[in-house]
Protein chains: 4
Amino acid sequence: MARPLSEDKKDAILASAIELVAAMGTGAPTAKIARRAGVAEGTLFKYFPDKDALLAATFLDLEGELARALVAGVPAGLAPKERIRHIWNRLIDWSAANPTRLKALRQLKVSDRIGPESRRCGEAFFADFKALLDEALAGHAERLSIDFIGAVLTALAEITLDFIARDPGRHDYHRAIGFDTFWRAIGR
Amino acid sequence: MARPLSEDKKDAILASAIELVAAMGTGAPTAKIARRAGVAEGTLFKYFPDKDALLAATFLDLEGELARALVAGVPAGLAPKERIRHIWNRLIDWSAANPTRLKALRQLKVSDRIGPESRRCGEAFFADFKALLDEALAGHAERLSIDFIGAVLTALAEITLDFIARDPGRHDYHRAIGFDTFWRAIGR
Amino acid sequence: MARPLSEDKKDAILASAIELVAAMGTGAPTAKIARRAGVAEGTLFKYFPDKDALLAATFLDLEGELARALVAGVPAGLAPKERIRHIWNRLIDWSAANPTRLKALRQLKVSDRIGPESRRCGEAFFADFKALLDEALAGHAERLSIDFIGAVLTALAEITLDFIARDPGRHDYHRAIGFDTFWRAIGR
Amino acid sequence: MARPLSEDKKDAILASAIELVAAMGTGAPTAKIARRAGVAEGTLFKYFPDKDALLAATFLDLEGELARALVAGVPAGLAPKERIRHIWNRLIDWSAANPTRLKALRQLKVSDRIGPESRRCGEAFFADFKALLDEALAGHAERLSIDFIGAVLTALAEITLDFIARDPGRHDYHRAIGFDTFWRAIGR
DNA sequence: GATGAATGAGAATTCATTCAT
DNA sequence: GATGAATGAATTCTCATTCAT
């Protein structure tokens with residue numbers, strides 16, 4: 001092989017795409033993404049066949065990272081509610097600590113350039129998360145479907161993050177209120 | 001006397017913008033919007049100085065209509081919870097009955113072409129709604145800010161609408177679950 | 001109407017396309033075609049929806065002009081052979097006098113960017129020509145199909161034109177040899 | 001000793017070029033040609049300095065093969081007309097049996113990427129063919145130049161092949177008509 | 001006021017060719 | 001010798017906005 005496709009370059013392109021999609025939405029030009037990644041315009045298309053593929057990869061990269069952040073290191077031996085609070089805190093903290101990634105992810109989630117295939121793939125990343133949720137909620141919220149509960153959690157997290165963004169000094173307070181609201185919402 | 005700008009034409013342009021933004025997002029070309037409205041390409045710019053102004057007007061049109069739909073005809077003499085359920089039902093029913101308008105509104109809400117000015121303006125339309133909410137919730141949820149409660153209501157409505165869209169036969173069921181979830185979420 | 005699409009501009013674009021297709025083949029860039037026509041790049045696409053449409057229009061323009069040149073003013077009262085010789089001379093003379101148009105037409109004829117639709121359309125222009133041929137040949141070449149005869153005529157004309165191009169001083173000589181060859185080829 | 005350029009690889013590249021030029025014209029990308037030949041993109045340029053050189057070589061390869069096919073094995077002792085008919089039949093049969101090669105050759109013949117040098121070279125391959133023709137025609141068609149006769153033969157063959165392509169069941173019939181037409185065309 | 005032709009700055013992609021490995 | 005990643009100029013087409021009619 002002459003030279004393998006460099007994982008570094010691919011990552012640079014993805015990182016650049018995240019930055020620019022966060023700042024400009026999915027309309028960010030591929031030329032700008034390439035330049036900021038330090039590669040030639042044409043090189044981008046060696047790594048991703050077209051812009052949609054790049055956006056899909058960016059989306060999955062972000063979803064994957066988030067999903068991994070959520071479930072990593074949930075301490076054993078916690079009561080169900082505390083286990084879920086742990087996940088909640090991870091979700092809020094990761095998002096608040098990665099505002100650019102979060103912004104990019106939001107843009108991609110609502111974009112019509114992310115096809116159903118990629119969305120399904122993205123959901124799959126959250127299988128562990130859902131399993132954890134499911135297990136922890138046994139006995140607490142059986143009347144609601146896990147999909148509904150997941151959607152409520154996500155939506156309340158978004159709201160919580162908005163409030164934290166406007167009032168970052170009270171990060172912990174908003175985070176706690178958010179979780180409390182979620183716990184009541186799905187309560188028996 | 002010079003001919004005044006025709007209100008009819010303006011409405012036609014807005015209606016056309018709603019359809020096309022719903023279908024194509026904010027990228028819908030002004031030329032297409034004009035054609036579907038039955039006016040010339042240039043005429044659109046007589047009514048709106050540029051595309052952003054048109055999008056802002058479209059956004060406010062939709063927000064206003066929705067806000068009005070929510071608060072109109074809330075029956076007097078209902079218990080607080082039932083008054084809010086009434087508003088909730090209106091929100092769900094209007095949205096389910098106007099999928100195109102809802103889609104356009106969602107697109108505009110997440111678009112970065114709607115500036116903070118317009119967003120503030122849009123919020124103002126919901127003053128009555130918030131007042132109603134505030135009044136009805138006196139004694140039920142004082143620990144939460146009205147903004148937070150409004151955001152939760154909106155978010156849960158979006159989720160409810162997604163579930164209805166996927167399973168329209170159980171409109172009433174999902175609507176009730178949604179409200180129940182909301183009521184618990186903000187409960188004491 | 002603000003301003004009608006100008007026939008002049010359309011003609012300028014077609015004329016420019018003819019020149020550039022003759023010189024560079026169908027790969028001639030639309031930007032160059034527009035510039036040489038004295039219009040903006042985007043204007044070209046107001047007159048022709050895309051490059052293929054422009055090429056098709058150019059093709060039909062040339063075919064039409066050639067077809068008209070062939071059949072115009074065939075003197076009445078000539079013997080069949082002389083009537084066909086008249087057409088032949090017209091074909092040779094028009095082509096020799098319009099080398100650029102001829103070159104463009106050849107490029108377009110062999111290009112795979114001209115679809116079957118356009119080709120059929122182009123053939124239709126030669127209906128009069130074929131009718132004249134058919135009539136004149138009654139009794140001389142009935143054993144051959146008119147399509148075959150037309151193809152032979154065209155092919156021999158191409159050859160004749162090549163010889164004239166290399167040896168323009170003997171235009172009339174080559175023209176006569178060519179016709180004589182054609183007449184023998186299809187003779188009884 | 002350095003490894004020599006492999007004749008096999010060169011042939012594979014040429015064969016691939018023939019296929020792809022037949023299918024896509026001279027616009028066929030070098031990368032695709034290389035891939036189909038089973039070699040790397042860059043390797044192609046070790047065998048041919050640039051794309052034009054590859055196209056020229058492809059052209060000459062096809063012309064050479066055709067020229068050889070024409071003159072090989074003309075039976076001695078045939079009358080002149082029958083000797084030429086033999087060549088004619090070879091030309092038609094080879095072309096009908098090798099539609100891909102024929103298509104590629106046609107594309108290259110009309111392409112402006114084949115320079116006059118290559119064309120002259122290509123013609124040289126047909127020296128034997130012309131000699132045979134010349135000899136056979138002594139006394140039949142001295143009034144016409146051998147170049148003219150060759151061009152007529154080629155043109156009529158093209159027409160014949162078109163008719164065969166549309167009506168392959170009557171291969172022999174069209175082949176005979178074609179020859180007959182040729183013979184008359186150049187006849188005394 | 002209304003019209004829509006005209007504009008030209010982008011935008012996504014392609015591709016022959018080079019050169020580090 | 002062979003490889004294929006890297007390059008960036010070139011290409012087609014879109015679209016918000018202007019302005020002559």
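First the proteins, then the strands, lettered A, B, ... as listed; each starts at 1. Quick note: numbers below take in every heavy atom, side chains included, and nothing from hydrogens, waters or symmetry partners.
The phosphate of E/dA2 (OP1 or OP2) has a side-chain N or O of B/Y47 nearer than 4.0 angstrom. Remark: B/K9 is in phosphate contact with E/dA2, judged by side-chain N or O atoms under 4.0 Å from OP1 or OP2. In this model, the phosphate group of E/dT3 is approached by a side-chain N or O of B/T43 to a distance below 4.0 Å at OP1 or OP2. For D/T30 and E/dC15, the shortest distance from a side-chain N or O to OP1 or OP2 is not below 4.0 Å. Applying the 4.0 Å criterion to OP1 and OP2 of F/dT12, one finds that C/K51 has a side-chain N or O inside that range. Residue A/K46 has no polar side-chain atom (N or O) positioned under 4.0 Å from OP1 or OP2 of F/dG4.
Between C/L105 and C/N98 there is no side-chain heavy-atom pair separated by less than 4.5 Å. The closest side-chain heavy-atom distance from B/Y47 to B/L14 is not below 4.5 Å. C/E63 has its side chain out of reach of C/E123: every pair of non-hydrogen atoms, C-beta onward, lies at least 4.5 Å apart. Annotation: side chain of B/R113 is in contact with side chain of B/K51 (closest heavy-atom distance under 4.5 Å). Side-chain contact between D/T30 and D/F45: present, with at least one pair of heavy atoms (C-beta onward) separated by less than 4.5 Å.
Across all strands shown, D/F48 has no heavy atoms under 4.0 Å from either base or sugar-phosphate atoms. Among the heavy atoms of the strands lying under 4.0 Å from C/A28 are primed sugar atoms or P, OP1, OP2 only; no base atom is included.
Going from atom CG of B/L54 over to atom P of F/dC15 covers 15 Å, rounded to whole Å. Rounded to whole Å, the distance from CD1 on D/I33 to C1' on F/dG4 is 17 Å. In this structure, D/K32 places its NZ atom 13 Å from C1' of E/dT13, rounding to the nearest Å. The separation between A/L44 atom CG and E/dT13 atom P is 9 Å, rounded to whole Å. Computed from coordinates, the A/I13 CD1 to F/dA5 C1' distance equals 11 Å when rounded to whole Å. Between B/L20 atom CG and F/dC15 atom C1' there is a gap of 14 Å when expressed in whole angstrom units. Look at CZ on D/R35: it is 13 Å from C1' on F/dT3, rounded to the nearest Å. Between the NZ atom of C/K10 and the P atom of E/dA5 there is a distance of 12 Å, rounded to whole Å.
Residue whose closest nucleotide on DNA chain F sits further toward the 5' end, between C/D52 and B/T26: C/D52. In terms of position along DNA chain F, the nucleotide closest to A/A40 lies nearer the 5' end than the nucleotide closest to the other residue of the pair A/A40 and C/P49. Summary of the strand contacts: B/V39 and D/F45 both lie near DNA chain E, and taking for each the nucleotide with the nearest heavy atom, the more 5' one is attributed to B/V39. Nearest-nucleotide assignment on DNA chain E puts the 5′-proximal partner with C/G38, out of C/G38 and A/R113.
Here the shortest heavy-atom pairing between B/I114 and B/S118 reads CG2-CB, 3.8 Å.
In this structure, F/dA9 and E/dT14 make a Watson-Crick or G-U wobble pair, each of the two defining distances being under 3.5 angstrom. Across all strands shown, E/dT21 forms a Watson-Crick or G-U wobble pair, both distances under 3.5 Å, with F/dA2.
Distances from the side chain of D/E41 to the nucleotides F/dG8, E/dA6, F/dA5 place F/dA5 closest.
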